[in-house]
Amino acid sequence: GAVVSQHPSRVICKSGTSVKIECRSLDFQATTMFWYRQFPKQSLMLMATSNEGSKATYEQGVEKDKFLINHASLTLSTLTVTSAHPEDSSFYICSARDPGDMGGYTFGSGTRLTVV
Amino acid sequence: EDQVTQSPEALRLQEGESSSLNCSYTVSGLRGLFWYRQDPGKGPEFLFTLYSAGEEKEKERLKATLTKKESFLHITAPKPEDSATYLCAARLPIQGAQKLVFGQGTRLTINP
């Protein structure tokens, strides 16, 4: 089945620094990828939709200047958390839809970001 | 407003004790109802997609069903390894794109 690889799985950074998270579709091309955020014991909240070759679409309330998304190829999307603060600490997950996978969305393994 | 609600929030069962998880939705233009399993610290793992009322799908001890207002995830004779959070999500056409709206999940614990 479709595989989405997400790195790093865990990252700790200092307040004010930037962190980049990568999301790769390993065996299929993904023109669209999705970035979610999940707080402890809560569900997934869509942050933005990443479109290959064009600007990302952000959900209401998500700061596009803080969460930079780049979808430079059909297999790679990156999320950069700029000038991170402790309140940005969360679990970030990416996903992509594999056209051949019965319409299912495949998720990455997630990135636990801790800002200290 | 489009909404997906799961119940119960948490459920503890004994091994072998069958039960059902509920996902109710009030959405317009549903383009599929998805069930996922999520283990702690991991991304969601795809289980099922249901598209129309009356549809059912099975995988091992799990069976998902769909009506016009809700979906059920039935778990038969569960084992401790079935312990996880189960998420349902509705795919909706929103602002020209198709997006997933998730419920808050049911944390399932199976005691040996």
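From a predicted model like this one, the values you see are computed outputs, not experimental measurements. In what follows, every chain begins at residue 1, and chains take the letters A, B, ... in the order their sequences are listed. Any value given below was found using the heavy atoms of this structure, including those in side chains, with hydrogens, waters and symmetry copies removed.
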Heavy atoms only: give me the nearest [X]-[Y] pair and the separation to one decimal.
X	Y	answer
A:Leu113	A:Cys13	CD1-SG, 4.0 Å
A:Asp88	A:Lys66	OD2-NZ, 2.8 Å
A:Gln6	A:Ile21	NE2-CG2, 3.8 Å
B:Phe46	B:Lys59	O-NZ, 4.2 Å
B:Val27	B:Leu92	CB-CD2, 3.5 Å
B:Tyr36	B:Phe34	CE1-CB, 3.6 Å

Close contacts, residues 100-112 of chain B versus chain A, judged by heavy atoms under 4.5 Å: B:Leu100, B:Phe102, B:Gly103, B:Gln104, B:Arg107
A:Glu22 with A:Lys20: basic N within carboxylate O range, under 4.0 Å: no
Interchain contact, B:Phe48 with chain A, by part (heavy-atom threshold 4.5 Å): neither
Contact class of B:Gln38 relative to chain A, heavy atoms under 4.5 angstrom: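 When you check distances to chain A, only side chain atoms of B:Gln38 fall under 4.5 Å.
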Between A:Ser5 and A:His7, a side-chain donor and acceptor under 3.5 Å: yes
Any side-chain donor near an acceptor of the partner, B:Asn22 and B:Gln6, under 3.5 Å: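 On atom types as modelled, these side chains do not qualify, holding no pair under 3.5 Å.
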Contacts of residues 28-45 of chain A with chain B (heavy atom under 4.5 Å): A:Phe34, A:Tyr36, A:Gln38, A:Lys41, A:Ser43, A:Leu44
Flag, side chain of B:Arg31 to backbone of B:Gly29, donor-acceptor distance under 3.5 Å: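 Yes, B:Arg31 side chain to B:Gly29 backbone: donor-acceptor pair under 3.5 Å.
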